Amino acid sequence: MNNELLKKYSELVVRIGINVQKGQKIVINCPVECADFARLMVTAAYDAGASDVFLNWRDDYISRERWLKADESVFDNVYPWDSDKRLTLAEEGAGFISVSASNPENLRGVDRKRLEASEAAASKDEKLKRARQLLMNNSCPWTVVSVPIPSWAKKVFPNDNEDIAMEKLWAAIYNAVRIKEDEDPVRAWEKHCNELEKHASELTSYQFKCVRYKNSLGTDLTVELPSDHLWIAGGDTAKSGVRFVANMPTEEVFCAPKKDGVNGVLYSSKPLTLYGNVIEGIRLEFKDGRITDVQADKGKDILESAINTDEGSHYLGEIALVPYDSPISNSGILFYNTLFDENASCHFAFGEAYSTCIKGGENKTVDELKKCGINAESAMHVDFMVGTSDLSIIGETHDGREIEIFRDGNFCI
Ligand code: ZN
Ligand code: ZN
């Protein structure tokens, strides 16, 4: 681990990821194994003017023990003090930093009924619902970032010993988040976000009626888009007007599909890590937006649990374009971590849409967003990868023009 680079990285997360403001409260969700990184972020946050910083520590071992051994009843409810805390901080406009680092198969063998009960409880809890919406409509800035931990590094580089695997994963992550020895990453990020945003405004200007996906895996899918949709990329703007970057890395240009306008068959192109399990070979069928058939070569029961969480999780909430020829994709590394894998591949998410994908959506109520036609209410938002080197995407405009958006996996507009 290079201390100089780690310091640069922590400052990048605080300055570009959250863009910490004077007097703001900051919440950091972080695995205990990444304590060095958390400490540096805490310092950077206070130095940037944060009034207070709170840590929620996580640990794979302790999580697994709890999922396996805690009393069954604890998964049926959300602790009120937990949802109170999250909602209070979200309402105050706190910034939320999550460090995503976990053994991808940490929960293998855990009783799926426990996972389902816990998701169902989180889905029904009114305060958590409200806190989730405040994040989804950019009322408060949030960012997801990542640093390696040994169990994860070994999954990504199984043929190397732990030290080498960790070194390789560090290098891959620094490469993905544009941290280099002699360069200012803040400037590199500003340039990168500007370029992505240009693509997004071009797509928005077409106001496509629908887009059609086809590739040799068997994907044959039509996705309608709602009126007044916006394609988004790079940075986001919080309601306070402050810019932030929700995912580091980010390579995607994304939008929200029309909830009842998805028809056809969709195949995944990379494994998906979900609930501490790896799911492979996903095939979903859609009719009028709803998922009508779920298949997977591995982990089908876990995928079904996630899709069955609530009504909204049976529908898509995000459509995202990432060129096959993009930096993370070109690294050839399968990360088993959605933050990276989704930024190496075109993807969709089932579950709740980002209200910011509709013009003025951040100020609309859930009912108003439903009227706009997007998937406005679900406890879930699960991205899964579908991009391939031969993916073709054709957009159809309202006046019947066909515009080629993707040819052989890459943008051609
Ligand atoms: Zn996405
Ligand atoms: Zn997403």
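Fair warning: this is a prediction, and the values are worked out from it, not measured in the lab. Just follow the structure's listing: the first ligand is 1, and inside any ligand the first atom is 1.
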K.L.:
With a cut-off of 2.8 Å, does any N, O or S atom of H347 fall short of it relative to the Zn ion (ligand 2)?
P.N.:
no
K.L.:
Please tell me if the side chains of M385 and C346 come closer than 4.5 Å, counting only heavy atoms from C-beta onward.
P.N.:
no
K.L.:
Determine whether the aromatic ring centres of Y315 and F350 lie less than 6.0 Å apart.
P.N.:
no
K.L.:
So which N/O/S atom does E318 have closest to the Zn ion (ligand 1)?
P.N.:
OE2
K.L.:
Is the closest side-chain heavy-atom distance between I328 and F335 below 4.5 Å?
P.N.:
yes
K.L.:
For N/O/S atoms only: which one belongs to E252 and is nearest the Zn ion (ligand 1)?
P.N.:
OE1
K.L.:
Kindly confirm whether the Zn ion (ligand 2) is within less than 2.8 Å of some N/O/S atom in E342?
P.N.:
no
K.L.:
Going from OH on Y206 to CD on E396, what distance comes out if it is rounded to the nearest 0.5 angstrom?
P.N.:
14.0 Å
K.L.:
Parallel, tilted or perpendicular for F411 and H199, by the 30°/60° rule?
P.N.:
parallel
K.L.:
Work out the angle at the Zn ion (ligand 2) between OD2 of D383 and NE2 of H381, rounded to 10°.
P.N.:
120°
